[in-house]
Amino acid sequence: MDDQTRMMTGLTGLGGLAQADVGDPDSVRKQQSLGQPQQDIGDILQQIMAITDESLDEAQARKHALNCHRMKPALFSVLCEIKEKTVLSIRGVQEEDPPDPQIMRLDNMLLAEGVSGPEKGGGSAAAAAAAAAAGGSPTDSSIEHSDYRAKLAQIRQIYHSELEKYEQACSEFTNHVMNLLREQSRTRPISPKEIERMVAIIHRKFSSIQMQLKQSTCEAVMILRSRFLDARRKRRNFNKQATEVLNEYFYSHLSNPYPSEEAKEELAKKCGITVSQVSNWFGNKRIRYKKNIGKFQEEANLYAVKTAVDAANVSAQASQANSPATPNSGTTCSSFVIHREGSAAVNYVFDF
DNA sequence: AACAATGATTCTCG
DNA sequence: CGAGAATCATTGTT
């Protein structure tokens, strides 16, 4: 609202010029030299000055009265004359502002973040995700990005609606001022250039408000980004079933616990996690298992038995003669057992 | 609160 | 680019 008040002062500044013109004793002398009664002119000037203090209706009536006043054309021409002289001093003040580097910076950033620029509907959400992933594989990370995208969309929506509001307010205000100036130009001389200048001033003021909007939008995006990046570190432990599936695979492939890309995808689907999460899990598991086999012995045996039982069940269902004591996933399972027994806590390396 | 477990990240290396 | 290793940061347990 600070800008608005400043805008108003800018506006009254123009009006003030006219008042100064009117108050110029020079003009009074000129009027006197025309042979008109001084009192009369003084009255008119008083009336003009007082217009702003009156209610709209009164002012309207008074304005109409002034416009019909017999002295009006003469007064107007005098005002024009004075204006001619003073306008030279005003001209120097005009300076064309080059495109603000800061606002360009903000614009670029908003564009880069996808806040401004082409509206991204639901259809191109994948494109937005891909852009946000920036090099990551599009299959994963889309889940993590959905929250981010939703928040970004929220910011974008607020930004656009605010921008629209500002633009509307700006054009409304410009129209209002232009109408006002046109109306006033009947009473006092206002060149089109001046109106132009006034419009430029208004636009400058509004664009400074716009810059504030852009700035705070940028800040919001930055905050969102940092929160999001922090949030990526946040994690939820996988549910029991998922851990079970992963462990089952790990211990039944202990001699070569490196799932292929297809296996990873299948595990990911089974566990309801992403492929990269599966990769993370196996990476962590391998290194932690290797570091301290002893700690995992119990778990390993558990899953060895589990897979053995499963295998036995499968074979039983298949009406085969295998006893539960001779699991058919033997190669990997037994290799683990042998290794365990042979080198309890010493460095264990996977059989590659 | 201290500690362990665990998922994610970052770095180096082949 | 993927694996290993170290590390971070959160979650779960005691």
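The sequence lines fix the lettering, A, B, ..., with proteins before strands; numbering per chain opens at 1.
Between the CG atom of A:Asn256 and the P atom of C:dG4 there is a distance of 10 Å, rounded to whole Å. Atom-to-atom, CZ of A:Phe282 to C1' of B:dG7 comes out at 14 Å; the value is rounded to the nearest Å. Taking atom CZ of residue A:Phe250 and atom C1' of nucleotide C:dA3, one finds them 14 Å apart after rounding to whole Å. Protein atom CD of A:Gln277 is 17 Å distant from nucleotide atom P of C:dT10, rounded to whole Å. Taking atom CZ of residue A:Arg286 and atom P of nucleotide C:dA6, one finds them 15 Å apart after rounding to whole Å. Computed from coordinates, the A:Ile287 CD1 to C:dG4 C1' distance equals 5 Å when rounded to whole Å. Rounded to an integer number of Å, the gap from CG of A:Asn284 to P of C:dA9 is 16 Å.
Heavy-atom distances to DNA chain C give each of A:Arg236 and A:Lys264 a nearest nucleotide, and the one nearer the 5′ end belongs to A:Lys264. Residues A:Pro259 and A:Lys291 both approach DNA chain C. Their nearest nucleotides, taken by heavy-atom distance, put A:Pro259 toward the 5′ side.
For residues 262-282 of chain A, the ring pair (Phe, Tyr, Trp, His ring centres under 6.0 Å) pairs, not counting sequence neighbours, are A:Tyr249-A:Phe282.
Classification of A:Glu299 and A:Lys285 as a salt-bridged pair holds, one side-chain N sitting under 4.0 Å from a carboxylate O.
Every side chain to side chain donor-acceptor pair (under 3.5 Å) that A:Asn179 has, sequence neighbours left out, goes to A:Arg182. With sequence neighbours excluded, the residues that form a side-chain contact (heavy atoms from CB on, under 4.5 Å) with A:Glu261 are A:Lys264, A:Glu265, A:Val275. Residues forming a side-chain contact (heavy atoms from CB on, under 4.5 Å) with A:Glu183 (at least two apart in sequence, or on another chain): A:Gln60, A:Lys63, A:Arg186. Checked against side-chain contact (heavy atoms from CB on, under 4.5 Å), A:Leu163 has the following partners two or more places apart in sequence or in another chain: A:Tyr159, A:Glu167, A:Gln210, A:Leu213.
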Protein-nucleotides 3-6 of chain B N/O pairs under 3.5 Å:
| from | atom 1 | to | atom 2 | distance (Å) |
| --- | --- | --- | --- | --- |
| B:dT6 | O2 | A:Arg235 | NE | 3.1 |
| B:dT6 | O2 | A:Arg235 | NH2 | 2.6 |

